[in-house]
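So the structure is just underneath, and the comments pick up after that.
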Amino acid sequence: MADESVVIAQLEEAARFLFASDMGVPASKREEAEICFNQLRSIPRPYSLCQCILGSNCSSYVKFQATVTMKEAFMREWTQIQPEERHIMLKQLFDFVVANDSSLSDYVQKQIFVLISIVLKRGALEDNGGIVLKSYIHNICQSLCNLLNVEIGCCFLLTLLSEFSSSEGSSSIGLSLDSHFRCKRCIEESGGLLLVITAAMQALASFVNKLEFSKENNISLLVSLNLEILSWDFSSSTLHGIKSVTSFMSNVPLKPPPSFNDILLDPAIVHVFLKLFNNFSGGSDIVVSVCQCLSQLASLSGAIFSSKDIGRSYAINFVKTLISSLMQNLHLSDKALYGITCVFRRFLSNFCHLLFVILTEETLLALSKVLVHLFEISSQRSATIEMSHEDSSMLEESYCFILEGIYRLIEPPTGNFAGYLKESLLTLVTVYLRNKLNHPRGLRQYCTGFCTTLDFTDDDREIYYDELSYLGFISRHILTDFLSMLLDLFNQCYSKCTELIAVLSSSESNTAAVYEIEALFEDIHWLLLIAAFTLTDVVEGEECVIPKQIQSHSFEHQTNDLFTLEQLVYNTDHSNTSSVDPVVSLIVCLCQWCVIEKDMIDKGLKDFVSPQVSESATWSLFTVCNTYLLSSRKYEKMSDILSRMIVSDTDESRWLLFFILDKVLFNTSVWMSEEKLCICSMKLLTKLCQSSPLRSTYLCNSEKMCSFMKACASGQHCLAMCSPSVQREIFKGLVSCASGDKNAEFLNELLGLLYSQFEGLMASFDSQSLNEQKHLLMLLESINGVIVASHNSIVNVVFPFILPILSTCVQIMDRVCDFQDLYQAILKLFCHVSENFLLFLNDVSVSQLYDICSTLVSVYAKIIVGKYCKKMSDDMDYDDLTFFIETLSHLTTKDYIDFSQSDTNDVSIHVDVVLKGLCAILPAVHVNEDLLKYPDICKKFYELLHYIALNTPSH
């Protein structure tokens with residue numbers, strides 16, 4: 001390869017072969033072409049040749065390979081090249097790009113910029129104080145400030161910053177992570193970053209001030225360049241040890257050093273971006289980057305605010321400029337709307353501690369007016385798009401961000417402006433309801449087309465948890481008006497529903513009534529969820545407490561006691577309850593849907609009732625009652641009627657408890673084919689009992705509950721043929737109900753009946769009978785439910801009932817090992833017993849459990865050899881092995897935690913069992929190495945090995 005023109009010709013020919021179709025080029029020619037390019041990369045000091053290739057008329061691919069060759073040679077021969085030589089070549093490369101901008105392919109230009117950037121980055125490790133790097137950046141920025149070669153300058157600086165930043169865009173050139181961060185600090189501390197943002201802002205301001213908005217490409221690049229620096233993860237803002245983690249997080253807060261004061265604290269910078277926002281808010285993609293820049297400016301914090309006054313001044317200027325700009329332009333595209341709501345959310349979250357100081361009444365009212373208007377636009381568009389079955393997630397996020405922003409304003413102690421914002425809050429919740437409900441109660445037009453399952457998702461309470469939580473919090477600050485509005489909507493819906501039931505009960509089919517009741521059910525679904533989130537703080541894992549606003553409102557609106565709770569629930573005149581505490585009235589509305597639903601089914605209209613609405617009603621009623629009903633907490637402020645009817649232990653509160661029980665029994669009998677609804681009902685019953693011993697005691701003494709328990713435990717209830725998951729939840733609910741000191745009789749009868757059913761099946765069990773297999777599976781899942789729900793106070797009561805079942809299951813394992821569901825259910829049973837019972841069992845019971853587990857290991861060791869000591873197929877289920885290893889792991893927990901108050905703890909017994917189990921699975925792991933490719937099995941297996949190594953090193 002001596003002559004350059006010959007080399008270029010060879011490379012051109014090789015490129016032609018590489019890009020030719022497979023049919024037209026032999027494989028040998030393609031291999032020769034690859035060898036040709038590999039030879040180019042292996043040439044020592046190829047710089048002159050590569051520069052000659054770049055200057056020739058060869059193809060872009062050959063020029064790209066020449067650039068890559070230079071990059072690799074620079075890194076390989078770094079110590080052999082003098083700094084002056086490097087600088088000359090870099091200047092020549094950049095000048096080449098400027099001179100050939102119009103003819104150079106984008107990807108070749110990009111690769112040349114990457115080459116220059118990594119050479120500068122590698123040189124930064126030897127550049128004391130970053131003088132050379134800063135000088136190079138200064139030259140580029142100077143031309144940028146003069147609006148010369150704007151496109152090339154922006155592209156290069158974006159590439160340079162990407163190489164130096166903590167993003168995934170930097171090239172892998174063999175530098176350690178520590179070296180990379182040294183380079184990053186070099187560009188920060190040398191002032192290179194400050195030069196770039198100063199030049200980029202000046203150039204952008206020039207375009208904006210001259211109103212040269214037609215040069216969209218240049219403006220887009222300048223905005224992207226500014227965004228790159230505004231999104232920079234400054235070294236001074238993070239701990240060195242966690243940079244590698246935080247740097248890859250999106251939306252890193254802007255925390256620059258004080259040297260950025262002059263540029264970032266200048267009020268003009270926000271004006272520039274807002275002018276761009278107003279100009280491109282009609283739909284241009286530039287508006288997305290502009291909003292990201294504004295969002296980063298809204299997150300500004302740290303050392304740049306050397307005093308509180310500076311921070312306050314910046315925040316005041318930012319919010320006033322933002323409000324003023326939006327007042328002039330409220331006709332926004334969806335992208336602009338989403339972007340600007342993100343800006344408000346970031347600002348209100350970042351400066352929430354200053355809201356009291358920076359927001360005057362005038363500014364606050366102007367801010368609330370803008371936020372409410374944006375909310376109205378986004379929610380209305382979202383409703384329109386959703387009705388046409390298109391994706392409305394971006395707009396839904398937009399109005400959720402606004403709800404979060406309003407929440408920040410009224411959340412104590414950072415904000416407490418609810419008094420000033422009453423009108424705005426009322427408008428906001430009115431708009432929300434209007435855009436969630438169908439005509440005539442709202443603006444939505446229900447899409448016709450009857451189906452028994454409505455067109456809305458049955459997981460709305462989870463999908464829309466954030467917005468419903470914010471709405472509930474906001475509505476509690478305007479309770480008088482909101483409760484009146486909500487009660488009026490409920491009354492309208494229930495009155496209309498009564499009319500439609502009468503129409504549908506007639507013999508004549510009425511399509512219009514069918515469509516109308518579908519739309520009505522969708523409205524009721526949303527009203528039920530909104531009511532629950534208003535009356536409670538729905539937070540998982542925290543103690544249920546009636547919100548203070550609800551308490552105060554109830555106390556301040558004391559009313560005459562003219563009705564009993566039962567009269568209110570069964571009142572057919574939905575408007576004649578004006579003398580009732582509105583909080584009680586809203587809880588009554590949740591109950592009244594249950595009455596309406598039962599009435600429809602009794603009249604043969606089940607096909608028109610939605611199980612999704614029934615689930616929403618069940619969840620809402622249980623959530624509210626779990627907080628209010630028979631509460632053990634003492635509340636100072638509360639109306640007498642709310643206390644007597646629901647909170648205190650009275651005849652009426654007990655009536656409501658039994659009403660809820662009726663709803664559960666109704667769901668499990670009428671909706672038994674709706675697995676999710678049945679599971680939801682039983683889970684909520686479990687939660688209701690677990691959080692109040694008083695409630696569980698009353699339920700255990702109920703004749704209906706006892707009858708339900710006996711039917712389920714003896715296998716005579718219609719639910720006996722439901723899915724295993726339903727069976728598990730039923731018995732979790734029953735045991736939770738029985739987990740009190742006064743409920744021993746209920747529990748013993750439950751366990752006795754369940755064991756009798758199991759014993760009767762095992763007496764003549766035919767492992768080949770599908771019906772008996774299914775029956776056994778249902779029983780095992782029922783027993784699993786008992787085990788999981790057993791509180792520590794009843795573990796030693798339940799275990800004697802469980803032990804003979806475990807023994808019987810071990811005896812039949814080899815007979816059912818070919819039936820995967822049964823086989824896994826048995827192993828799951830042992831897993832749950834060892835997990836939930838072991839820590840609370842006395843010495844005798846512990847010894848019995850270890851003995852039965854030892855027998856299980858012996859049986860499983862024989863089964864596992866045939867199953868896993870062969871090549872695994874892709875569809876093979878290995879859950880049984882997971883349950884087995886988990887069981888062994890749980891057997892070791894007694895070493896670390898023991899709640900049984902036992903004086904002795906013979907470690908050798910369970911160590912022998914665990915070691916025996918480990919030896920049982922080692923052959924399978926040895927023969928079939930694919931097993932350890934499954935993360936669950938691998939993790940649990942090595943945790944078990946770790947335990948054995950620590951506790952039995954001699955083994």
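Pairing each heavy atom of Phe234 with each of Lys255, the nearest pair is CB-O, 3.6 Å. Heavy atoms only, all atoms of each residue included: Val287 and Ala336 are closest at CG2-CB, 3.9 Å. Residue Ile478 comes nearest to Val429 through the heavy atom pair CD1-CG2, 3.7 Å, listed as atom of the first residue, atom of the second, then distance. Heavy atoms only, all atoms of each residue included: Ile263 and Thr198 are closest at CD1-CA, 4.4 Å.
The aromatic rings of Phe533 and Tyr465 sit perpendicular to each other, their planes meeting at more than 60°, with 30° as the lower class boundary. Ring pair Phe94/Phe156 is perpendicular by interplanar angle, where above 60° counts as perpendicular and below 30° as parallel.
With hydrogens and angles ignored, the 3.5 Å screen pairs a side-chain donor or acceptor of Ser143 with a backbone N or O of Ile140. The backbone N or O of Gln202 sits less than 3.5 Å from a side-chain atom of Ser206, completing a donor-acceptor pair. Between the side chain of Thr360 and the backbone N or O of Thr363 there is at least one donor-acceptor pair closer than 3.5 Å. The backbone N or O of Asp285 lies less than 3.5 Å from no partner atom in the side chain of Ser289, so there is not a single donor-acceptor pair. Side-chain atoms of Ser162 never come within 3.5 Å of backbone atoms of Leu158 as a donor-acceptor pair (strictly under, hydrogens ignored). Within the 3.5 Å criterion, the main-chain N or O of Ser313 finds no donor-acceptor partner in the side chain of Asn317. A donor-acceptor distance shorter than 3.5 angstrom exists from the side chain of Ser224 to the backbone of Ser220, with no hydrogens or angles considered. Distance alone, capped at 3.5 Å, is enough to place a donor-acceptor pair between the Lys184 side chain and the Asp233 backbone. A side-chain donor-acceptor contact under 3.5 Å links Thr341 to the backbone of Tyr338.
Atom OG in Ser301 sits 5.0 Å away from atom CG in Asn350 (nearest 0.5 Å). Here Ser616 contributes atom OG and Glu522 contributes atom CD; the two are 11.0 Å apart, rounded to the nearest 0.5 Å.
Gln296 places a side-chain heavy atom less than 4.5 Å from the side chain of Arg346. Counting heavy atoms from C-beta on, the side chains of Tyr407 and Asp466 never come closer than 4.5 Å.
Looking at Leu264, Ile304, Ile229 one by one, the single match for side chain to side chain contact (heavy atoms under 4.5 Å, CB included) with Leu254 turns out to be Leu264.
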**OP:** With side-chain contact (heavy atoms from CB on, under 4.5 Å) as the test, would you mind laying out the steps for Leu300 and Phe305 before giving the verdict?
**Re:** CA-CA 9 Å; Leu300 187 64; Phe305 295 141; 3.8 Å; yes
**OP:** Walk me through it: do Leu374 and Leu332 pass the test side-chain contact (heavy atoms from CB on, under 4.5 Å)?
**Re:** CA-CA 9 Å; Leu374 292 175; Leu332 309 176; 3.8 Å; yes
Subject >> Steps toward side-chain hydrogen bond (donor to acceptor under 3.5 Å, both in side chains) verdict (Arg434, Gln380) >> reply: CA-CA 9 Å; Arg434 190 170 67 233; Gln380 188 169 343; 5.5 Å; no
Original post:
Passes side-chain hydrogen bond (donor to acceptor under 3.5 Å, both in side chains), Gln109 versus Asp101? Steps please.
Top reply: CA-CA 8 Å; Gln109 183 191 89; Asp101 179 39; 3.2 Å; yes
Original post:
Are Leu104 and Ile112 close enough, and set up right, to give a side-chain contact (heavy atoms from CB on, under 4.5 Å), and what steps lead you there?
Top reply: CA-CA 11 Å; Leu104 206 59; Ile112 293 174; 4.0 Å; yes
Original post:
Is there a side-chain contact (heavy atoms from CB on, under 4.5 Å) between Glu216 and Phe280 once you walk through the steps?
Top reply: CA-CA 10 Å; Glu216 284 196 25; Phe280 294 107; 3.7 Å; yes
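When only modelled atom types and interatomic distance are considered, Ser368 and Ser424 share a side-chain donor-acceptor pair under 3.5 Å. Ser325 and Asn278 share a donor-acceptor pair across their side chains, judged by distance under 3.5 Å alone. Using a 3.5 Å distance cut-off with no hydrogens or angles, the side chains of Thr159 and Ser117 do not pair a donor with an acceptor.
Ion pair Glu151/Lys215 not flagged as a salt bridge, since none of the NZ, NE, NH1 or NH2 atoms sits closer than 4.0 Å to an Asp/Glu carboxylate oxygen.
No more than 12 heavy atoms of other residues, nucleotides or ligands lie within 6.0 Å of CG in Asp106, so this atom counts as exposed by the packing criterion.
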